[in-house]
Amino acid sequence: MVGAPNIDDPSFLENPFPFYELGRAMSPLVLSERGLAMVFGYDDCVAILKDWETWSSRFPPPPEVVDPPEPMMLNSDPPRHTRLRSLVSQAFTPRMVAELEPRIRAIARELLAPALEAGSCDLVATLAYPLPVIVIAEILGIPPEDRAKFKEWSDEAVASLGTGLQGGGRQVRAEIFEEMREYFTAMTEARRREPRGDLISGLVAAEADGERLTFADLLQMLVLLLIAGNETTTNLIGNAMLAFLAHPGELAKVEADRALIPSAVEEVLRFESPVQATVRRPTRDVELHGRTIPAGMPTVVWLAAANRDPGQFAEPLRFDVTRSPNRHLAFGLGIHFCLGAPLARLEARVALEELLAAATGFERTTDGPLPRVPTFIMRGVLELPVAFRQR
Ligand code: HEM
């Protein structure tokens, strides 16, 4: 039996990968005393993510919640999931995302300009953190003067995430949720009277179209977009630069040929997955490799372990910016496959293109481990101080 590590411990967060190697050899782990199971292998993770009828995304609300709201999309199963997903995907199309490229580039340039002058910066605070927040605010249609307030809500939404094992962490704090409710009530009223090209207008149109998206659903959708989209993309950009710094030969390849950036982004997603795991619950007892996962037991699906499975990836422990094929599970799979994947890929590509076009000679300005996002579900650093030369 593996002595299950403390998966929120800083040393585990720094390097969880030996645990994944061990786990893969023994998968599934059924930790009855913790009321938890874990699955590590690529094929098993794929099978679970594809089979939503057996592997539910719904978690019972904590007993202290008196009047639990209907679950958000990420924590719902069909038919509710299907309905919510089709409404938001109508308003959030790949075409709409592609059209954002020039604007994302302009924001990235603006954010980088002072740091380029200085020759050093914390890449998280300068670029990786603000970029996704500003972009999603603009997609939703938040005017620039409300951005600071919006950032505060976004931070709160992310903080509410917790580890996800208790069905999505705690609720967003009541007073903040109330503030958001007032703000978005006014905003949806305005968009109802006078639609614009933004996502809120699209969601309002979906709401008006019969009784399909209630106002409560709409608010939850906004919270979900903040939770699901911001910190994850921050971590993707940060992990990319950290992986480049740790593998200078691979960075040299990308600097010599910036057309490799998209495939390098895929490799970062595989090798340093911003979302390390997701959770499901079986709707019945499930037999897996001779072990039984009992109905209802929260089961950690280790995407990051699957992403280093030698049965799927040649030399999985090698960071290879030209890897192909690269069918990683970093965005999940099946009905909950990340809605924001095209946006996350675009933001990461543009951020790295701008950074590598403007600067070279990157090096870390501090030694030792960097402070990390304090939950095993996510992988990322809270700061990344670097120095560089302007090109
Ligand atoms: C690198 C960045 C990102 C990563 C690694 C990521 C990862 C994931 C993963 C693994 C899932 C599936 C979870 C599950 O099956 O339980 C997911 C779902 C989701 N993601 Fe992302 N995500 C990223 C960025 C974004 C962005 C930018 C947005 C939107 C603005 C977004 C919106 C969503 C939504 C709404 C879902 C739920 C989809 C559903 O339940 O059908 N994500 N994401």
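Numbering of ligands and ligand atoms starts at 1, following listing order.
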Mutual orientation of the aromatic rings belonging to Tyr20 and Trp302 [parallel < 30°, tilted 30-60°, perpendicular > 60°]: tilted
Ile335 heavy atom under 4.0 Å from ligand 1: yes
Under 4.0 Å to a heavy atom of Ala344 - the qualifying atoms of ligand 1, by number: 1 (C), 2 (C), 24 (C)
Location of contacts on Arg85 toward ligand 1, heavy atoms closer than 4.0 Å: side chain
Enumerated ligand 1 atoms positioned under 4.0 Å from heavy atoms of Ile136: 30 (C)
Atom indices of ligand 1 within 4.0 angstrom of Thr232 heavy atoms, with elements: 1 (C), 2 (C), 3 (C), 4 (C), 23 (C), 24 (C)
Centroid-centroid distance, Phe244 to Phe362, less than 6.0 Å: no
Ligand 1-proximal atoms of Leu224, by part, heavy-atom distance under 4.0 Å: side chain
Identity and separation of the nearest protein heavy atom to atom 11 (C) of ligand 1: Phe331 O, 3.8 Å
Among Gly340, Gly334, Gly229, Cys338, closest by any non-hydrogen atom to atom 22 (N) of ligand 1: Cys338
Residue Ala330 vicinity, atoms of ligand 1 by number, heavy atom under 4.0 Å: 5 (C), 7 (C), 10 (C)
Closest approach of any protein heavy atom to atom 35 (C) of ligand 1, naming residue and atom: Met73 CE, 3.6 Å
Element-labelled atoms of ligand 1 that are located less than 4.0 Å from some non-hydrogen atom of Leu303: 10 (C)
Whether Ser57 lies under 4.0 Å from ligand 1, heavy atom: no
Working for side chain to side chain contact (heavy atoms under 4.5 Å, CB included), residues Trp153 and Val223: CA-CA 9 Å; Trp153 296 335; Val223 174; over 6 Å; no
Ligand 1 N/O within reach of Ala228 N/O, cut-off under 3.5 Å: yes
Taking atom 12 (C) of ligand 1 as the reference point, the nearest protein heavy atom with its distance: His336 O, 3.4 Å
Close aromatic pair by centroid cut-off 6.0 Å: Phe313 and Tyr42: yes
Under 3.5 Å: N/O of Arg280 near N/O of ligand 1: yes
Salt bridge (Lys or Arg N to Asp or Glu O under 4.0 Å) assessment of Lys149 paired with Glu152: CA-CA 5 Å; Lys149 197 160 36 185; Glu152 197 186 309; over 6 Å; no
Hydrophobic cluster identity match, Val39 and Trp52, side-chain contacts under 4.5 Å: no
Ligand 1 contact on Leu74 by region, counting heavy-atom pairs under 4.0 Å: both
Contact with ligand 1 for His81, non-hydrogen, under 4.0 angstrom: yes
Side chain to side chain donor-acceptor pair (under 3.5 Å) partners for Glu354, two or more places apart: Arg105, Arg109
CD-CG distance between Glu255 and Leu356, expressed to the nearest 0.5 angstrom: 6.0 Å
Donor-acceptor contact present, side-chain Ser56 to main-chain Thr283, <3.5 Å: no
Ring-face cation of Arg308 near Phe17 (centre distance under 6.0 Å, axis angle within 45°): yes
Nearest-contact summary for atom 16 (O) of ligand 1 - protein heavy atom, Å: Thr278 OG1, 2.6 Å
Distance (rounded to the nearest 0.5 Å) between Met241 CE and Glu272 CD: 13.5 Å
Test item: Asn239 side-chain N/O and Arg379 main-chain N/O as donor-acceptor pair under 3.5 Å: yes
Arg323 (side chain) donor-acceptor with Ala314 (main chain) under 3.5 angstrom: yes
Closest protein heavy atom to atom 36 (C) of ligand 1, given as residue, atom name and distance to 0.1 Å: Leu339 N, 4.1 Å
Subset of ligand 1 atoms that lie under 4.0 Å from at least one heavy atom of Leu236: 1 (C)
Location of contacts on Ser76 toward ligand 1, heavy atoms closer than 4.0 Å: neither
